[in-house]
2 protein chains.
Amino acid sequence: MRIGELAERAGTSTRTLRYYESRGLLPARRTGNGYRTYDEDDLRLLRQIRMLQDFGFELEETRPFVDCLRAGHPAGDSCPASLAVYRRKLAELDGLIGQLADVREQVARQLAAAEDAAGEAASPRCEMTGP
Amino acid sequence: MRIGELAERAGTSTRTLRYYESRGLLPARRTGNGYRTYDEDDLRLLRQIRMLQDFGFELEETRPFVDCLRAGHPAGDSCPASLAVYRRKLAELDGLIGQLADVREQVARQLAAAEDAAGEAASPRCEMTGP
DNA sequence: GTAATCCTTGACGCCGACGTCAAGGCAAGG
DNA sequence: CCTTGCCTTGACGTCGGCGTCAAGGATTAC
């Protein structure tokens, strides 16, 4: 199949495919007229890449998976290098989530304090206002 | 004080201060020779900006806080517009953290499945191996 | 023959918050 | 006078993953 069909079947753009090729990730054969040609295996590679991209993996991080599939393994994550990437990514995600949770807490505290200050200003010294 | 001193006291760079000025966020007075001049109030504005930046706020999101301080309020978050930014940011953070947690789970599942598959291949059909 | 729809390469644009270099001005100390 | 160390503006570079033209060739449909 040609680049347009592959792009459509993978839910992406031809520009993306040419970009992947320029990065050496998804090279293409060529027909006599210079058109790129792909087969079903390429579609599998591409789907593997897209799945990881959707997870937020960088392109370079998808390379071990692609290499693994190209080496004939049944799945992109059947190789130790791919598992290593999974593990690094998990650690990275945990770190990031933790950081964001910290920031979230700090922002929440700032908001609460600012709202309190506003309430104070609106009705100051509410204590000792009873009979 | 001049730009170098302000940058140092706020723990940032002169390039950053010129950038903020170009964005209209932190304009500077000038001395006769064209040098930028800042005072303690500018330092307060700058510290407000840097704090929010450290939280991951975009520059534009810090503008309401700066305007609030410049309007004479005691704190950058003493104004409704600032509180609105806080709230938007909280929602944004919650969404982002949720997304990342989802991805983390999916990656963890992929990893577990791949590890299982590797174990299967190493010692297939472990069931029914007893006496 | 010609219009429509593919395809090709090349190259600039984008986004955010600056880093970094270039060329030159101003002030102070020795 | 000369060096040192501030300061000025201007402009290009960074990072990732593409989007979006531009100019032209190939194939198919009518």
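Letters go in sequence order (proteins before strands), and every chain restarts at 1. The basis for the numbers below is simple: all heavy atoms, side chains too, and nothing from hydrogens, waters or symmetry mates.
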[X] side chain near [N] phosphate (N/O to OP1/OP2, under 4.0 Å):
| X | N | result |
| --- | --- | --- |
| A:Q53 | D:dC18 | yes |
| A:Y35 | D:dG25 | no |
| B:R30 | D:dT9 | yes |
| B:T16 | C:dG19 | yes |
| B:R18 | D:dT8 | yes |
| A:R2 | C:dC6 | no |
| A:N33 | C:dC7 | no |
| A:R15 | C:dC14 | no |

Would you name the heavy atoms of B:I97 and A:R104 that are closest together and state the gap between them?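 Where B:I97 meets A:R104 most closely, the heavy atoms are CD1-CB, 4.3 Å.
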If you apply the rule side-chain contact (heavy atoms from CB on, under 4.5 Å), what do you find for B:E8 with B:E5, and how did you get there? CA-CA 5 Å; B:E8 195 177 356; B:E5 187 183 344; 5.8 Å; no
Applying the side-chain contact (heavy atoms from CB on, under 4.5 Å) test to A:I3, which of A:T16, A:T14, A:T37 qualifies?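 It is A:T14, the one option of A:T16, A:T14, A:T37 that forms the side-chain contact (heavy atoms from CB on, under 4.5 Å) with A:I3.
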Under 4.0 Å between any heavy atoms, over every strand shown, what does B:S13 touch: base, sugar-phosphate, or nothing? Just pick one.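 Sugar-phosphate: the residue B:S13, judged by heavy atoms under 4.0 Å, touches backbone atoms but no base.
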Rounded to 10 degrees, the angle between the two terminal axes of the helix from C:dG1-D:dC30 to C:dG30-D:dC1, each from five pairs: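 One end's axis against the other's: 30°.
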In Å and rounded to the nearest 0.5 Å, what is the CG to CG distance from B:D116 to B:L111?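 So the CG of B:D116 and the CG of B:L111 are separated by 9.5 Å.
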Calculate, to the nearest 0.5 Å, the distance between atoms CZ and CG belonging to A:R36 and A:L26 respectively.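 It is 10.0 Å, given to the nearest 0.5 Å.
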Tell me if the CD atom of A:E21 is crowded by more than 12 foreign heavy atoms within 6.0 Å.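 More than 12 heavy atoms, drawn from other residues, nucleotides or ligands, come within 6.0 Å of this atom.
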Apply side-chain contact (heavy atoms from CB on, under 4.5 Å) to the pair B:Q110 and A:L52, showing each step before the final yes or no. CA-CA 11 Å; B:Q110 293 278 332; A:L52 297 174; over 6 Å; no
Tell me which nucleotide among C:dT8, C:dA17, D:dG17 gets nearest to the side chain of A:Y19.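 For A:Y19, the side-chain atoms sit closest to D:dG17.
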Residue B:R50, side-chain heavy atoms: nucleotide from D:dC18, C:dT9, C:dC18 that is nearest: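 When the side chain of B:R50 is considered, C:dC18 is the closest of D:dC18, C:dT9, C:dC18.
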